[in-house]
Amino acid sequence: MPDIPHFAWPFGRGPDGHIALVEQDSPEHIHGQEYAVVVTPLGFRDDRPDFGWAWPEFQTLPLDLAPLADAFNRFVPNSDENIEQWAETADQAIRHVRVIQKLAGEGVAYLSDDEASAGIGGASPE
Amino acid sequence: MAYITIPFTTDAETLADNAIDVLVLAWEGWEPNDGDLEVVMIESLAPMAQDVAEVASIVPDSIFRAYGTDLLGLPYQTGLAAVGTARISALDNAGYSAGVIEMNLSDVAFATDDALVIPPGQTSVDLPITAREIGVVGNGLTGFADSMVGGLPWLTTIEVIEPTAGGSDPEDDFAYQNRLADRLLLQATTLVTARDYELMAMAQEGIGRAMASFNQARQVDVAVADDSGEIVPQVLKDELELIYADYRQVNTQYNVLDATYTPIDVAFTLAILPGYTPQSVIDAAVAAVEEWLSPANWGRPRGVETTETLDQWLNEPIVRHSELERTLSVPGVRYVQAATLNGGTADVNLPGAAPLTRPDTIVGAAL
(Lines give C-alpha, C1' and ligand atoms only; values in the text may rest on other atoms or scores of the structure.)
Protein backbone atom coordinates (compact mmCIF):
# COMPACT_ATOMS: atom_id res chain seq x y z
CA MET A 1 0.00 0.00 0.00
CA PRO A 2 1.32 3.49 -0.81
CA ASP A 3 2.53 5.64 2.07
CA ILE A 4 0.15 8.42 1.08
CA PRO A 5 -2.55 6.74 -0.96
CA HIS A 6 -5.01 8.06 -3.48
CA PHE A 7 -7.46 6.17 -5.63
CA ALA A 8 -6.05 5.28 -9.00
CA TRP A 9 -7.79 6.62 -12.08
CA PRO A 10 -9.83 4.98 -13.45
CA PHE A 11 -11.34 3.52 -10.30
CA GLY A 12 -10.99 -0.24 -10.09
CA ARG A 13 -9.37 -3.20 -8.45
CA GLY A 14 -5.67 -3.88 -8.58
CA PRO A 15 -4.04 -7.23 -9.30
CA ASP A 16 -4.37 -8.19 -5.64
CA GLY A 17 -8.13 -7.67 -5.69
CA HIS A 18 -8.02 -4.55 -3.55
CA ILE A 19 -8.98 -1.10 -4.73
CA ALA A 20 -6.17 0.21 -6.92
CA LEU A 21 -4.17 2.96 -5.23
CA VAL A 22 -1.36 5.24 -6.31
CA GLU A 23 1.26 7.13 -4.36
CA GLN A 24 0.67 10.81 -3.89
CA ASP A 25 2.54 12.94 -6.46
CA SER A 26 3.60 9.88 -8.40
CA PRO A 27 3.36 10.09 -12.21
CA GLU A 28 0.29 7.85 -12.05
CA HIS A 29 -1.34 10.15 -9.52
CA ILE A 30 -0.63 13.28 -11.57
CA HIS A 31 -1.83 11.52 -14.69
CA GLY A 32 -5.12 10.75 -12.95
CA GLN A 33 -5.54 14.36 -11.91
CA GLU A 34 -4.83 15.55 -15.44
CA TYR A 35 -7.30 13.02 -16.78
CA ALA A 36 -9.96 14.41 -14.45
CA VAL A 37 -9.30 17.88 -15.84
CA VAL A 38 -9.38 16.73 -19.47
CA VAL A 39 -12.76 15.00 -19.22
CA THR A 40 -14.50 17.70 -17.18
CA PRO A 41 -16.12 20.65 -18.96
CA LEU A 42 -16.46 23.84 -17.00
CA GLY A 43 -19.62 23.88 -14.89
CA PHE A 44 -20.05 20.12 -14.86
CA ARG A 45 -19.34 19.75 -11.13
CA ASP A 46 -22.00 21.51 -9.11
CA ASP A 47 -19.77 22.23 -6.15
CA ARG A 48 -16.67 23.03 -8.23
CA PRO A 49 -18.08 24.73 -11.32
CA ASP A 50 -14.71 26.27 -12.12
CA PHE A 51 -13.06 22.86 -12.34
CA GLY A 52 -12.18 21.61 -15.82
CA TRP A 53 -11.72 23.52 -19.01
CA ALA A 54 -13.83 25.24 -21.59
CA TRP A 55 -15.12 22.43 -23.76
CA PRO A 56 -13.96 22.99 -27.31
CA GLU A 57 -17.39 22.70 -28.87
CA PHE A 58 -17.93 24.50 -32.18
CA GLN A 59 -14.35 25.75 -32.22
CA THR A 60 -12.67 26.44 -35.49
CA LEU A 61 -9.51 24.55 -36.22
CA PRO A 62 -6.93 24.42 -34.95
CA LEU A 63 -8.25 23.94 -31.42
CA ASP A 64 -7.36 26.55 -28.85
CA LEU A 65 -5.72 24.45 -26.14
CA ALA A 66 -4.64 27.34 -23.98
CA PRO A 67 -7.63 26.85 -21.63
CA LEU A 68 -6.57 23.25 -21.12
CA ALA A 69 -3.05 24.27 -20.27
CA ASP A 70 -4.39 26.91 -17.95
CA ALA A 71 -6.61 24.33 -16.25
CA PHE A 72 -3.63 22.05 -15.70
CA ASN A 73 -1.76 24.91 -14.11
CA ARG A 74 -4.66 25.70 -11.82
CA PHE A 75 -5.78 22.22 -10.80
CA VAL A 76 -2.76 19.95 -11.11
CA PRO A 77 -0.01 21.56 -9.05
CA ASN A 78 2.75 19.20 -10.17
CA SER A 79 1.75 19.10 -13.77
CA ASP A 80 4.44 19.91 -16.28
CA GLU A 81 3.18 18.81 -19.63
CA ASN A 82 3.21 19.53 -23.28
CA ILE A 83 -0.02 19.61 -25.19
CA GLU A 84 -0.08 19.11 -28.87
CA GLN A 85 -2.67 18.39 -31.51
CA TRP A 86 -2.73 16.95 -34.96
CA ALA A 87 -5.31 16.21 -37.54
CA GLU A 88 -6.32 12.74 -38.56
CA THR A 89 -5.05 11.86 -41.98
CA ALA A 90 -8.29 10.51 -43.31
CA ASP A 91 -10.48 13.22 -41.84
CA GLN A 92 -8.99 16.59 -41.10
CA ALA A 93 -12.04 17.48 -39.03
CA ILE A 94 -10.92 15.03 -36.38
CA ARG A 95 -8.30 16.43 -34.08
CA HIS A 96 -6.24 14.42 -31.67
CA VAL A 97 -4.93 16.08 -28.53
CA ARG A 98 -1.93 14.61 -26.79
CA VAL A 99 -0.86 15.51 -23.29
CA ILE A 100 2.72 14.55 -22.66
CA GLN A 101 3.59 14.38 -19.04
CA LYS A 102 7.16 15.44 -18.51
CA LEU A 103 7.57 14.35 -14.92
CA ALA A 104 8.09 10.72 -15.69
CA GLY A 105 6.53 8.43 -18.20
CA GLU A 106 3.89 9.69 -20.55
CA GLY A 107 0.19 10.19 -20.18
CA VAL A 108 -1.70 10.69 -23.37
CA ALA A 109 -5.22 11.98 -23.83
CA TYR A 110 -7.04 12.03 -27.09
CA LEU A 111 -9.81 14.44 -27.83
CA SER A 112 -11.49 14.69 -31.20
CA ASP A 113 -13.52 17.73 -32.10
CA ASP A 114 -16.59 15.76 -33.15
CA GLU A 115 -16.54 13.77 -29.89
CA ALA A 116 -16.09 16.93 -27.91
CA SER A 117 -19.14 18.46 -29.51
CA ALA A 118 -21.15 15.53 -28.13
CA GLY A 119 -20.25 16.60 -24.60
CA ILE A 120 -18.29 14.95 -21.83
CA GLY A 121 -16.71 11.62 -22.46
CA GLY A 122 -15.01 12.52 -25.65
CA ALA A 123 -11.57 11.87 -24.25
CA SER A 124 -9.88 8.60 -23.59
CA PRO A 125 -6.49 7.93 -22.09
CA GLU A 126 -3.91 5.88 -23.75
CA MET B 1 -44.91 19.77 9.72
CA ALA B 2 -42.98 17.10 11.51
CA TYR B 3 -44.02 15.70 14.86
CA ILE B 4 -40.46 16.07 16.09
CA THR B 5 -37.70 17.84 14.20
CA ILE B 6 -34.22 17.49 15.56
CA PRO B 7 -32.10 20.53 14.69
CA PHE B 8 -29.94 19.76 11.67
CA THR B 9 -27.18 22.31 11.28
CA THR B 10 -24.84 20.91 8.68
CA ASP B 11 -24.83 20.76 4.90
CA ALA B 12 -23.30 18.74 2.12
CA GLU B 13 -20.25 20.96 1.83
CA THR B 14 -19.49 20.67 5.52
CA LEU B 15 -19.93 16.92 5.40
CA ALA B 16 -17.55 16.74 2.44
CA ASP B 17 -15.01 18.90 4.25
CA ASN B 18 -15.31 16.66 7.30
CA ALA B 19 -14.69 13.58 5.20
CA ILE B 20 -11.60 15.12 3.64
CA ASP B 21 -10.39 16.20 7.08
CA VAL B 22 -10.62 12.58 8.19
CA LEU B 23 -8.39 11.54 5.29
CA VAL B 24 -5.93 14.32 6.05
CA LEU B 25 -5.72 13.11 9.64
CA ALA B 26 -5.38 9.48 8.59
CA TRP B 27 -2.30 10.01 6.40
CA GLU B 28 0.26 12.59 7.30
CA GLY B 29 1.00 14.66 4.23
CA TRP B 30 -2.14 13.61 2.41
CA GLU B 31 -3.32 16.51 0.29
CA PRO B 32 -6.71 16.71 -1.39
CA ASN B 33 -6.97 17.87 -4.96
CA ASP B 34 -10.10 18.59 -6.93
CA GLY B 35 -8.84 16.18 -9.55
CA ASP B 36 -8.44 13.30 -7.09
CA LEU B 37 -10.96 10.54 -7.53
CA GLU B 38 -11.68 10.28 -3.83
CA VAL B 39 -12.44 14.01 -3.70
CA VAL B 40 -14.81 13.63 -6.63
CA MET B 41 -16.48 10.70 -4.87
CA ILE B 42 -16.83 12.58 -1.59
CA GLU B 43 -18.28 15.50 -3.48
CA SER B 44 -20.87 13.19 -5.02
CA LEU B 45 -21.71 11.31 -1.86
CA ALA B 46 -21.95 14.30 0.49
CA PRO B 47 -25.38 15.41 -0.80
CA MET B 48 -26.64 11.88 -0.23
CA ALA B 49 -25.32 11.96 3.32
CA GLN B 50 -27.04 15.29 3.82
CA ASP B 51 -30.33 13.85 2.59
CA VAL B 52 -30.03 10.89 4.93
CA ALA B 53 -29.17 13.12 7.86
CA GLU B 54 -32.12 15.37 7.16
CA VAL B 55 -34.50 12.46 6.95
CA ALA B 56 -33.09 10.99 10.13
CA SER B 57 -33.59 14.29 11.93
CA ILE B 58 -37.31 14.28 11.25
CA VAL B 59 -39.83 12.12 13.08
CA PRO B 60 -42.79 12.40 10.77
CA ASP B 61 -46.33 12.85 11.93
CA SER B 62 -47.14 9.40 10.65
CA ILE B 63 -45.17 7.90 13.55
CA PHE B 64 -47.21 9.90 16.04
CA ARG B 65 -50.43 8.80 14.36
CA ALA B 66 -49.31 5.18 14.32
CA TYR B 67 -48.59 5.50 18.04
CA GLY B 68 -52.17 6.63 18.57
CA THR B 69 -53.89 4.09 16.35
CA ASP B 70 -51.71 1.05 17.05
CA LEU B 71 -50.50 1.50 20.62
CA LEU B 72 -53.21 3.56 22.26
CA GLY B 73 -56.00 2.03 20.21
CA LEU B 74 -57.47 5.44 19.39
CA PRO B 75 -59.03 5.12 15.93
CA TYR B 76 -59.70 7.87 13.45
CA GLN B 77 -63.16 9.32 13.57
CA THR B 78 -64.80 8.24 10.33
CA GLY B 79 -67.37 11.02 10.30
CA LEU B 80 -71.12 11.06 10.83
CA ALA B 81 -74.08 11.65 8.60
CA ALA B 82 -76.48 14.47 9.42
CA VAL B 83 -79.83 13.53 10.89
CA GLY B 84 -83.17 15.25 11.23
CA THR B 85 -86.91 14.73 11.17
CA ALA B 86 -89.11 14.89 8.12
CA ARG B 87 -92.84 15.41 8.18
CA ILE B 88 -94.37 13.34 5.40
CA SER B 89 -97.90 14.25 4.42
CA ALA B 90 -100.49 12.41 2.37
CA LEU B 91 -103.53 13.46 0.35
CA ASP B 92 -105.98 12.30 2.95
CA ASN B 93 -106.29 10.28 6.13
CA ALA B 94 -107.03 6.95 4.49
CA GLY B 95 -103.79 5.50 5.78
CA TYR B 96 -100.77 4.72 3.60
CA SER B 97 -97.57 2.79 3.82
CA ALA B 98 -94.43 2.52 1.78
CA GLY B 99 -90.84 1.51 2.26
CA VAL B 100 -87.96 3.75 3.05
CA ILE B 101 -88.45 7.13 1.42
CA GLU B 102 -85.46 8.58 -0.38
CA MET B 103 -85.51 12.36 -0.73
CA ASN B 104 -83.51 15.25 -2.04
CA LEU B 105 -83.10 18.08 0.44
CA SER B 106 -81.13 21.00 -0.96
CA ASP B 107 -79.17 18.68 -3.23
CA VAL B 108 -78.26 16.36 -0.38
CA ALA B 109 -79.71 12.87 -0.41
CA PHE B 110 -81.54 11.77 2.73
CA ALA B 111 -83.61 8.73 3.55
CA THR B 112 -86.01 7.84 6.28
CA ASP B 113 -84.61 5.52 8.90
CA ASP B 114 -87.75 3.42 8.92
CA ALA B 115 -90.41 2.43 6.46
CA LEU B 116 -93.17 4.99 6.02
CA VAL B 117 -96.46 4.20 7.70
CA ILE B 118 -99.21 6.82 7.94
CA PRO B 119 -101.91 5.28 10.11
CA PRO B 120 -105.55 5.68 9.10
CA GLY B 121 -106.97 8.86 10.52
CA GLN B 122 -103.69 10.77 10.11
CA THR B 123 -102.57 12.80 7.17
CA SER B 124 -98.94 13.04 8.12
CA VAL B 125 -96.23 11.39 10.16
CA ASP B 126 -92.84 12.51 11.43
CA LEU B 127 -89.95 10.16 10.64
CA PRO B 128 -86.27 10.39 11.44
CA ILE B 129 -84.08 10.84 8.39
CA THR B 130 -80.35 10.42 7.82
CA ALA B 131 -78.17 11.84 5.12
CA ARG B 132 -76.86 9.35 2.61
CA GLU B 133 -73.38 10.86 2.74
CA ILE B 134 -71.11 11.54 5.65
CA GLY B 135 -70.11 15.07 6.46
CA VAL B 136 -71.19 18.52 7.45
CA VAL B 137 -72.73 19.03 4.04
CA GLY B 138 -75.97 17.59 5.42
CA ASN B 139 -76.17 19.99 8.37
CA GLY B 140 -78.47 22.96 8.72
CA LEU B 141 -80.94 22.01 6.00
CA THR B 142 -84.66 22.72 6.26
CA GLY B 143 -87.62 23.10 3.95
CA PHE B 144 -89.40 20.93 1.48
CA ALA B 145 -87.69 17.92 0.04
CA ASP B 146 -88.33 16.18 -3.24
CA SER B 147 -89.28 12.56 -3.06
CA MET B 148 -87.02 10.33 -5.07
CA VAL B 149 -89.47 7.47 -4.92
CA GLY B 150 -91.94 7.22 -7.74
CA GLY B 151 -95.41 5.66 -7.77
CA LEU B 152 -96.69 7.34 -4.62
CA PRO B 153 -99.45 9.64 -5.91
CA TRP B 154 -100.89 10.01 -2.42
CA LEU B 155 -97.64 11.54 -1.07
CA THR B 156 -98.01 15.30 -1.16
CA THR B 157 -95.14 16.88 0.75
CA ILE B 158 -91.97 16.06 2.65
CA GLU B 159 -90.94 18.87 4.93
CA VAL B 160 -88.00 19.16 7.26
CA ILE B 161 -88.98 21.75 9.83
CA GLU B 162 -86.02 21.72 12.21
CA PRO B 163 -82.55 22.08 10.72
CA THR B 164 -80.71 18.86 10.19
CA ALA B 165 -77.65 18.41 12.40
CA GLY B 166 -75.02 16.02 13.65
CA GLY B 167 -73.07 15.56 10.44
CA SER B 168 -69.31 15.64 10.70
CA ASP B 169 -66.54 15.16 8.19
CA PRO B 170 -64.06 12.27 8.50
CA GLU B 171 -61.15 13.26 10.65
CA ASP B 172 -58.08 14.38 8.79
CA ASP B 173 -54.54 13.85 10.01
CA PHE B 174 -54.22 17.24 11.60
CA ALA B 175 -57.50 16.93 13.52
CA TYR B 176 -56.56 13.43 14.63
CA GLN B 177 -53.21 14.59 15.95
CA ASN B 178 -54.86 17.34 17.95
CA ARG B 179 -57.37 14.91 19.41
CA LEU B 180 -54.61 12.43 20.16
CA ALA B 181 -52.65 15.13 21.97
CA ASP B 182 -55.73 15.92 24.05
CA ARG B 183 -56.24 12.24 24.76
CA LEU B 184 -52.69 11.90 26.02
CA LEU B 185 -53.37 14.62 28.56
CA LEU B 186 -55.87 12.23 30.11
CA GLN B 187 -53.27 9.53 30.60
CA ALA B 188 -52.63 9.28 34.30
CA THR B 189 -50.63 6.97 36.50
CA THR B 190 -53.09 5.07 38.64
CA LEU B 191 -53.04 1.82 40.54
CA VAL B 192 -56.22 -0.11 39.95
CA THR B 193 -55.53 -3.73 39.11
CA ALA B 194 -53.07 -6.11 40.71
CA ARG B 195 -50.98 -5.94 37.57
CA ASP B 196 -50.75 -2.15 38.00
CA TYR B 197 -49.13 -2.69 41.39
CA GLU B 198 -46.69 -5.19 39.90
CA LEU B 199 -45.69 -2.92 37.03
CA MET B 200 -45.24 0.03 39.36
CA ALA B 201 -43.01 -2.05 41.63
CA MET B 202 -40.89 -3.39 38.79
CA ALA B 203 -40.45 0.13 37.45
CA GLN B 204 -38.39 0.90 40.55
CA GLU B 205 -34.66 0.30 40.45
CA GLY B 206 -33.65 -2.70 42.52
CA ILE B 207 -36.93 -4.54 42.11
CA GLY B 208 -36.99 -7.18 39.42
CA ARG B 209 -39.93 -9.34 40.38
CA ALA B 210 -43.31 -8.48 41.84
CA MET B 211 -46.49 -10.42 42.49
CA ALA B 212 -49.61 -8.61 43.63
CA SER B 213 -52.86 -10.14 44.77
CA PHE B 214 -56.15 -8.79 46.06
CA ASN B 215 -57.02 -11.06 48.95
CA GLN B 216 -60.04 -8.94 49.77
CA ALA B 217 -61.64 -5.77 48.49
CA ARG B 218 -59.26 -2.80 48.52
CA GLN B 219 -56.52 -4.86 50.11
CA VAL B 220 -53.54 -5.70 47.95
CA ASP B 221 -50.45 -7.64 48.97
CA VAL B 222 -47.39 -7.10 46.82
CA ALA B 223 -44.46 -9.48 47.13
CA VAL B 224 -41.22 -8.13 45.70
CA ALA B 225 -37.79 -9.52 44.93
CA ASP B 226 -34.77 -8.25 43.07
CA ASP B 227 -33.66 -9.42 39.65
CA SER B 228 -32.08 -12.49 41.19
CA GLY B 229 -35.20 -13.26 43.15
CA GLU B 230 -33.53 -12.27 46.40
CA ILE B 231 -34.86 -10.06 49.17
CA VAL B 232 -35.18 -6.37 48.35
CA PRO B 233 -33.52 -4.01 50.86
CA GLN B 234 -35.95 -2.42 53.30
CA VAL B 235 -35.14 1.09 52.11
CA LEU B 236 -36.34 0.24 48.61
CA LYS B 237 -39.51 -1.30 49.97
CA ASP B 238 -40.14 1.85 52.01
CA GLU B 239 -39.73 3.94 48.88
CA LEU B 240 -42.15 1.69 47.05
CA GLU B 241 -44.73 2.11 49.80
CA LEU B 242 -44.44 5.88 49.48
CA ILE B 243 -45.05 5.61 45.75
CA TYR B 244 -48.06 3.38 46.36
CA ALA B 245 -49.37 5.97 48.79
CA ASP B 246 -49.22 8.60 46.06
CA TYR B 247 -50.89 6.63 43.31
CA ARG B 248 -53.25 4.23 45.04
CA GLN B 249 -56.98 4.67 44.91
CA VAL B 250 -58.62 6.15 47.97
CA ASN B 251 -59.08 3.64 50.81
CA THR B 252 -57.00 0.95 49.13
CA GLN B 253 -54.64 -0.69 51.58
CA TYR B 254 -51.44 -2.35 50.53
CA ASN B 255 -48.66 -4.46 52.00
CA VAL B 256 -45.21 -4.91 50.55
CA LEU B 257 -43.92 -8.37 51.39
CA ASP B 258 -40.81 -10.44 51.02
CA ALA B 259 -40.91 -13.86 49.46
CA THR B 260 -40.63 -17.00 51.56
CA TYR B 261 -37.74 -19.16 50.41
CA THR B 262 -37.66 -22.95 50.59
CA PRO B 263 -34.54 -24.97 49.71
CA ILE B 264 -35.20 -27.98 47.52
CA ASP B 265 -33.00 -31.06 47.18
CA VAL B 266 -33.10 -32.96 43.93
CA ALA B 267 -31.59 -36.30 43.02
CA PHE B 268 -32.06 -38.05 39.74
CA THR B 269 -30.82 -40.89 37.58
CA LEU B 270 -30.98 -40.61 33.82
CA ALA B 271 -30.68 -43.00 30.92
CA ILE B 272 -28.51 -41.34 28.29
CA LEU B 273 -29.00 -41.63 24.54
CA PRO B 274 -26.16 -43.16 22.50
CA GLY B 275 -23.81 -40.58 21.09
CA TYR B 276 -24.00 -38.29 24.10
CA THR B 277 -21.40 -37.88 26.79
CA PRO B 278 -23.12 -38.91 30.03
CA GLN B 279 -21.38 -36.35 32.19
CA SER B 280 -22.29 -33.52 29.80
CA VAL B 281 -25.93 -34.56 29.83
CA ILE B 282 -25.91 -34.82 33.63
CA ASP B 283 -24.33 -31.37 33.90
CA ALA B 284 -26.96 -29.96 31.55
CA ALA B 285 -29.73 -31.56 33.60
CA VAL B 286 -28.31 -30.18 36.84
CA ALA B 287 -28.11 -26.73 35.28
CA ALA B 288 -31.72 -27.02 34.07
CA VAL B 289 -32.93 -27.98 37.55
CA GLU B 290 -30.98 -25.15 39.15
CA GLU B 291 -32.46 -22.69 36.68
CA TRP B 292 -35.95 -24.05 37.31
CA LEU B 293 -35.64 -23.79 41.08
CA SER B 294 -33.81 -20.49 41.05
CA PRO B 295 -35.69 -17.75 42.92
CA ALA B 296 -35.09 -15.62 39.86
CA ASN B 297 -37.28 -17.95 37.82
CA TRP B 298 -39.72 -19.67 40.16
CA GLY B 299 -43.24 -18.78 39.12
CA ARG B 300 -42.10 -17.37 35.80
CA PRO B 301 -44.20 -18.73 32.92
CA ARG B 302 -42.31 -21.44 31.08
CA GLY B 303 -42.86 -22.51 27.51
CA VAL B 304 -44.03 -19.10 26.32
CA GLU B 305 -42.30 -17.02 23.72
CA THR B 306 -43.91 -13.61 24.19
CA THR B 307 -41.95 -11.11 26.23
CA GLU B 308 -45.20 -9.73 27.64
CA THR B 309 -45.58 -12.56 30.11
CA LEU B 310 -41.97 -13.30 30.92
CA ASP B 311 -41.85 -10.73 33.71
CA GLN B 312 -44.86 -12.26 35.43
CA TRP B 313 -44.55 -14.00 38.76
CA LEU B 314 -47.27 -16.59 39.06
CA ASN B 315 -47.99 -17.76 42.57
CA GLU B 316 -46.76 -21.33 42.54
CA PRO B 317 -46.97 -22.94 46.00
CA ILE B 318 -46.21 -26.49 44.86
CA VAL B 319 -43.02 -28.01 43.51
CA ARG B 320 -44.41 -30.71 41.30
CA HIS B 321 -42.59 -33.97 40.68
CA SER B 322 -43.99 -34.09 37.13
CA GLU B 323 -42.44 -30.72 36.41
CA LEU B 324 -39.11 -32.01 37.66
CA GLU B 325 -39.26 -34.78 35.08
CA ARG B 326 -40.13 -32.24 32.43
CA THR B 327 -37.13 -30.17 33.48
CA LEU B 328 -34.80 -33.15 33.33
CA SER B 329 -35.68 -33.77 29.69
CA VAL B 330 -32.62 -32.03 28.31
CA PRO B 331 -31.09 -33.08 24.99
CA GLY B 332 -29.44 -36.48 25.33
CA VAL B 333 -31.83 -37.85 27.94
CA ARG B 334 -33.43 -41.13 26.88
CA TYR B 335 -35.64 -41.38 29.94
CA VAL B 336 -35.70 -40.48 33.62
CA GLN B 337 -35.00 -43.60 35.62
CA ALA B 338 -35.56 -41.99 39.01
CA ALA B 339 -35.97 -38.53 40.45
CA THR B 340 -36.71 -37.27 43.92
CA LEU B 341 -37.71 -33.97 45.49
CA ASN B 342 -36.39 -33.59 49.04
CA GLY B 343 -35.79 -37.34 49.08
CA GLY B 344 -39.25 -38.38 47.91
CA THR B 345 -41.40 -38.60 44.85
CA ALA B 346 -44.28 -36.55 46.25
CA ASP B 347 -44.93 -32.94 45.37
CA VAL B 348 -43.49 -30.43 47.82
CA ASN B 349 -45.72 -27.74 49.28
CA LEU B 350 -44.11 -24.36 49.77
CA PRO B 351 -44.99 -22.21 52.78
CA GLY B 352 -45.68 -18.49 52.69
CA ALA B 353 -47.88 -16.10 50.79
CA ALA B 354 -45.24 -15.57 48.10
CA PRO B 355 -43.18 -18.74 47.95
CA LEU B 356 -39.93 -19.04 46.09
CA THR B 357 -37.56 -21.97 45.85
CA ARG B 358 -33.83 -22.27 46.13
CA PRO B 359 -31.87 -25.16 44.61
CA ASP B 360 -30.08 -26.84 47.50
CA THR B 361 -28.36 -30.14 46.77
CA ILE B 362 -28.77 -31.18 43.15
CA VAL B 363 -27.27 -34.58 42.44
CA GLY B 364 -27.49 -36.47 39.17
CA ALA B 365 -26.20 -39.76 37.85
CA ALA B 366 -26.33 -41.76 34.67
CA LEU B 367 -27.46 -45.36 34.37
Side-chain angles (χ1 to χ4, degrees), chain A residues 1-14 18-53 68 70-79 81 99 101 103 107 109 120 123 125, chain B residues 1-66 172-174 177:
Chain A
M1 180 174 172
D3 293 334
I4 304 178
H6 289 264
F7 285 146
W9 192 296
F11 184 78
R13 293 179 184 276
H18 294 105
I19 299 300
L21 301 173
V22 295
E23 184 68 52
Q24 181 168 287
D25 294 334
S26 67
E28 294 80 11
H29 181 217
I30 294 170
H31 177 234
Q33 292 176 331
E34 289 175 339
Y35 189 94
V37 171
V38 168
V39 300
T40 307
L42 281 177
F44 179 75
R45 289 167 67 172
D46 290 339
D47 294 338
R48 302 285 190 278
D50 59 329
F51 185 86
W53 64 300
L68 180 59
D70 179 59
F72 284 149
N73 290 333
R74 285 187 292 133
F75 300 114
V76 187
N78 295 322
S79 176
E81 74 296 316
V99 178
Q101 192 176 317
L103 189 65
I120 192 170
Chain B
M1 184 185 70
Y3 166 44
I4 296 174
T5 300
I6 299 169
F8 177 73
T9 57
T10 189
D11 53 30
E13 191 172 352
T14 304
L15 292 170
D17 291 343
N18 292 342
I20 290 173
D21 288 345
V22 169
L23 295 176
V24 170
L25 289 174
W27 287 285
E28 186 178 354
W30 192 90
E31 294 178 1
N33 181 283
D34 286 341
D36 286 336
L37 184 55
E38 57 273 11
V39 174
V40 176
M41 285 182 166
I42 288 171
E43 187 180 290
S44 302
L45 295 175
M48 300 181 197
Q50 179 187 354
D51 290 345
V52 172
E54 285 180 346
V55 170
S57 71
I58 295 173
V59 178
D61 291 339
S62 56
I63 294 178
F64 184 49
R65 295 195 294 271
D172 61 18
D173 292 343
F174 184 74
Q177 286 167 212

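Since the structure is predicted, the reported quantities are computational estimates derived from the model, not experimental observations.
Not one N or O on the side chain of A:Gln33 forms a donor-acceptor pair closer than 3.5 Å with the backbone of B:Asn33. A:Glu23 places no side-chain N or O within 3.5 Å of a backbone atom of A:Pro5 that could act as its donor or acceptor partner. Under the 3.5 Å distance criterion, the side-chain polar atoms of A:Arg45 are left unmatched by any main-chain donor or acceptor of B:Glu43.
Taking 4.5 Å as the heavy-atom cut-off, none of the residues of residues 17-25 of chain B approach chain A.
A 6.0 Å sphere centred on CD of B:Glu13 holds no more than 12 heavy atoms belonging to other residues, nucleotides or ligands.
Classification of the B:Trp30-A:His6 ring pair by plane angle, with boundaries at 30° and 60°, yields parallel.
In this structure, B:Gly35 and A:Ala36 approach most closely via the heavy-atom pair O-CB, 3.4 Å. Nearest heavy-atom pair across B:Pro32 and B:Val39 is CB-CG2, 4.0 Å.
Interface residue A:Phe11: backbone and side-chain heavy atoms are both found under 4.5 Å from chain B. With a 4.5 Å cut-off on non-hydrogen atoms, B:Glu31 touches chain A through its backbone and its side chain both.
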